[in-house]
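Below is one structure, written out as structure tokens; comments come after it.
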Amino acid sequence: MKMGTALIYDEEMTKYKLLWVDPVCKIEVPERLIVSYEALVKSGLADRCVSIPVREATDAEILLAHSEEYLEAVKKTPFMHLEELMTFTQKYGDVYFHPNIYHCAKLAVGATLQLVDNVMTGKVRNGMALVRPPGHHSQSSAANGFCVFNNVAIAAQYAKKHHKAKRVLIVDWDVHHGQGVQYCFEDDPSVLYFSWHRYEHQSFWPNLRESDFDSVGSGKGAGFNVNVPWNKVGMGNSDYLAVFFHVLLPVAYEFSPDLVFICAGFDSAIGDPEGHMSATPDIFAHLTHLLMNLADGKVCAVLEGGYNLTSLAQSVCQTVQTLLGDPAPRPAQLGGACESALESIHSARAIHKKYWSCLQHAAAPFPEEPSSKNRRLAQQGGSQGPEGDAGGDAQKEEPEKVEEKEEEEIVWPEPLRRVAPSLRSALLLPDAVECPDGCARFSPAHGPGPLERARLRKSYLKESEDEASVTLLYNLTALLGQMEKNEIRNGLALVPDVSMAATLLTSASLSKRVLLVWMGEGPVPAQIIEDEKTLVVHIDSMEPHEAQSKYYIPITLKKGCGDTAGVVQAVLGLLLPLGYQYEPGLVLLARPPGCQVKGGLWQQLTCLLQGLALGHTLVLLQENETAPVGITASGLLGNAALSLGPLVAPGPEDVGSFEGLRLRLQTDWPLLQTTAPEKR
Ligand SMILES: CC(O)(O)NCCCCNCCCN
Ligand SMILES: [Zn+2]
């Protein structure tokens, strides 16, 4: 599988700036690119990337998303003097022009297309384009929101036209709604546009009715536009992950794109003057990780916004470091999404339930409630307004101005260093099984002494087993030990008895919390279930018989683990939220004999789980089932899992049992929530 991460940047794109006084535009400064690139260089990340040169976009490429008259008009700006530039700028909103901005805008598009070319031709696996001016607000015939040409919209059209991309996913995590992208693909079912954005019931810029959750696309494009409006500021890591687990990822896996763009705006990070959100820079490592197993890993991140130079630089580094395959950071204490976020999640799932089978039976029916704007009006009109009287003329819809009060200094901890162990994947295989290339066959520094042998034999081998089993168990604990000292990142072991190996590892682990994912026939050893520090998520076809505890969670699928669509929904909507909230120090993925999980899905699972426990994933396979060894090793080595292809609907009875489980567990595990608690 292709490795390598492209970094596309050219300092020429820093050579334009605001030439007059404009409080709205003054935050879009050249230093945004400078500090981002310098942080990548200083951290050593830039050197690990494949540096790809920028180029100017051609007219034909720009015309993929813009009108000729607009392009012709912009072409005149290099020759304008100040007054003409200011007059030209007045035609558009929240944007400024400069004699060199047309050149830079062509470079921003060209940089994005260079990224697409290198990813789509397999020269690199993924990459990031550090560009300005940003793109996602610009429209066919309009500049807007600091954007001149719509870099990502053009690139998506370009990928379809020149690289035969059939389905393109655009994930816009910028804190503003990329209405330019939404308009461009409104009726296009081959481009799925997802955006969350600060909205506050339409009182936040760009104050568009069509930014609300009920804009789902039109005509053949219905369902292929997913908006998640933030109706409050202060959204944090749990809110962002909840939207990924319960809205974006289920739909994205069902859509099964062959290329993923990220409109990577970092004004959604803490400290940003535009966003006023609370999510910390390390969350972008997890958001990136969760997208990297779509489209066979072909992910193109393109810079959009981000105006706090500190959180911008940190967030860019977190994103690139994940694209490079480094271990994910430990997510900051996660809880559930806040009530406002849950309302947005619920609304998005409900309005899209008729377009996406993953939501068909899950999301509650959508009552025809008023749009969020009318709701706000009703509140203002009906009750005492904030000023104590009737709140002025509610009909005259004035978005309330955000007072430019003195920004108090917002501080947050610098993201922890993410150290990749020297050895990534160690395999414990019987000599007869050859070790896939790229991996190392594990052998401990020294073998077990007689006391160690006796202890292992007594505790796990009922005295009778042969020496080889004792050695194997000892090697397992040695492998575990090196993982927990971060000398090895992850591992794979072929064992004669998965149950016994899992029992040994959960008891031997020094981690305060172990996540055991059991894929298939049980029973899971009682000793593990009773072990308070181990959370067991058991995906199987059998109705669970034993009483469920908070730490033993059976997920039942009528057709068992062979039901790929069902397992995917269980993994995205239940297992991952549980895992992220549990924050284990070790993840064990057990494949008991007769496990039906299909190869591609097994690899997805192996890859997705590496977002937990700093990537310390230990996979246990049954010795005589060597078929999954290659794809498991490939996933552990950091290769992207192969795309599963478009997914069919999970069985309604399975979804029913998932939702029942969610309802039962969400008090203990609030990250499972997908809807606001019933209004009392
Ligand atoms: C690329 C981008 O999405 O970050 N552009 C943001 C443009 C913001 C326009 N100013 C809004 C005024 C209200 N604070
Ligand atoms: Zn933005």
Side-chain angles (χ1 to χ4, degrees), residues 13 16-18 21-33 36 89-90 92-97 101 104-105 108-109 112 129-139 142-155 170-184 193-208 211 227-230 233 235 240 261-277 279 284 287 301-309 311-312 315-316 319 398-407:
M13 287 182 278
Y16 78 90
K17 64 182 180 180
L18 182 57
V21 173
D22 176 347
V24 166
C25 293
K26 71 177 188 237
I27 52 176
E28 207 295 304
V29 295
E31 289 72 16
R32 296 179 55 235
L33 278 196
S36 300
T89 294
Q90 298 311 317
Y92 307 111
D94 293 73
V95 64
Y96 63 87
F97 278 81
I101 198 169
C104 295
V109 173
T112 310
L130 273 185
V131 299
R132 75 185 270 274
H136 69 154
H137 296 300
S138 57
Q139 296 141 54
N144 180 263
F146 314 150
C147 307
V148 175
F149 298 138
N150 202 316
N151 307 314
V152 168
I154 292 168
I170 300 173
V171 178
D172 190 335
W173 69 41
D174 186 288
V175 86
H176 299 94
H177 180 221
Q179 83 278 38
V181 183
Q182 172 168 309
Y183 298 156
C184 184
Y193 177 60
F194 166 89
S195 172
W196 61 39
H197 33 269
R198 183 177 170 186
Y199 191 58
E200 292 173 296
H201 301 294
Q202 202 174 330
S203 66
F204 187 70
W205 188 90
N207 312 96
L208 298 171
S211 301
N227 284 338
V228 176
W230 298 127
V233 291
M235 295 300 171
Y240 287 12
F261 284 102
I262 303 175
C263 281
F266 296 106
D267 40 19
S268 44
I270 190 167
D272 191 275
E274 280 287 306
H276 289 264
M277 298 299 170
F284 296 104
L287 302 184
V302 184
L303 182 67
E304 293 281 355
Y307 307 98
N308 176 306
L309 300 183
S311 62
L312 169 62
S315 304
V316 165
T319 302
E398 271 302 300
E400 54 253 22
K401 287 271 164 279
V402 177
E403 294 313 312
E404 288 304 316
K405 60 185 175 306
E406 199 38 50
E407 298 286 336

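Keep in mind that this is a model prediction, so the values were computed, not measured. Atoms within each ligand, like the ligands themselves, are counted from 1 in listed order.
Close contacts of ligand 1 with His176, meaning ligand atoms under 4.0 Å from a residue heavy atom, involve 2 (C), 3 (O), 4 (O), 6 (C), 8 (C). Below 4.0 Å from some heavy atom of Asp267 lie the following atoms of ligand 1, by number and element: 4 (O). Below 4.0 Å from some heavy atom of Pro134 lie the following atoms of ligand 1, by number and element: 1 (C). Each of the atoms 10 (N) of ligand 1 lies under 4.0 Å from some heavy atom of Val24. Close approach to His136 involves these atoms of ligand 1, each under 4.0 Å from a residue heavy atom: 1 (C), 2 (C), 3 (O). Shown in contact with Tyr307 at under 4.0 Å from a heavy atom are these atoms of ligand 1, numbered in order with element: 1 (C), 2 (C), 4 (O), 5 (N), 6 (C).
Per residue Asp267, closest N, O or S atom to the Zn ion (ligand 2): atom name OD2. Nearest N/O/S atom of Asp174 with respect to the Zn ion (ligand 2) is recorded as OD1.
For Phe284 and Trp173, the distance between ring centers is under 6.0 angstrom.
Only the side chain of His137 comes within contact range of ligand 1, with a heavy atom under 4.0 Å; no backbone atom does.
Within the 4.5 Å cutoff, the side chain of His137 has heavy atoms near those of the Trp205 side chain. At least one side-chain heavy atom of Cys263 sits under 4.5 Å from a side-chain heavy atom of Ile170. Using a 4.5 Å heavy-atom threshold, the side chains of Phe204 and Glu274 count as touching.
Among the backbone and side-chain atoms of His176, an N, O or S atom lies under 2.8 Å from the Zn ion (ligand 2).
Below 3.5 Å of separation, one finds no N or O of Gly306 facing any N or O of ligand 1. For Glu274, a nitrogen or oxygen atom sits less than 3.5 Å from a nitrogen or oxygen atom of ligand 1, counting backbone and side chain alike.
Interatomic distance, CG of Asp267 versus NE2 of His197, reported as 12.5 Å (0.5 Å rounding).
For the pair His177 and Ser211, the tightest heavy-atom approach, listed with the atom from each and the gap, is ND1-OG, 2.7 Å.
Classification of the Trp230-Tyr240 ring pair by plane angle, with boundaries at 30° and 60°, yields parallel.
The side-chain tip of Arg32 does not point at the ring of Phe266 from less than 6.0 angstrom away and within 45° of straight on.
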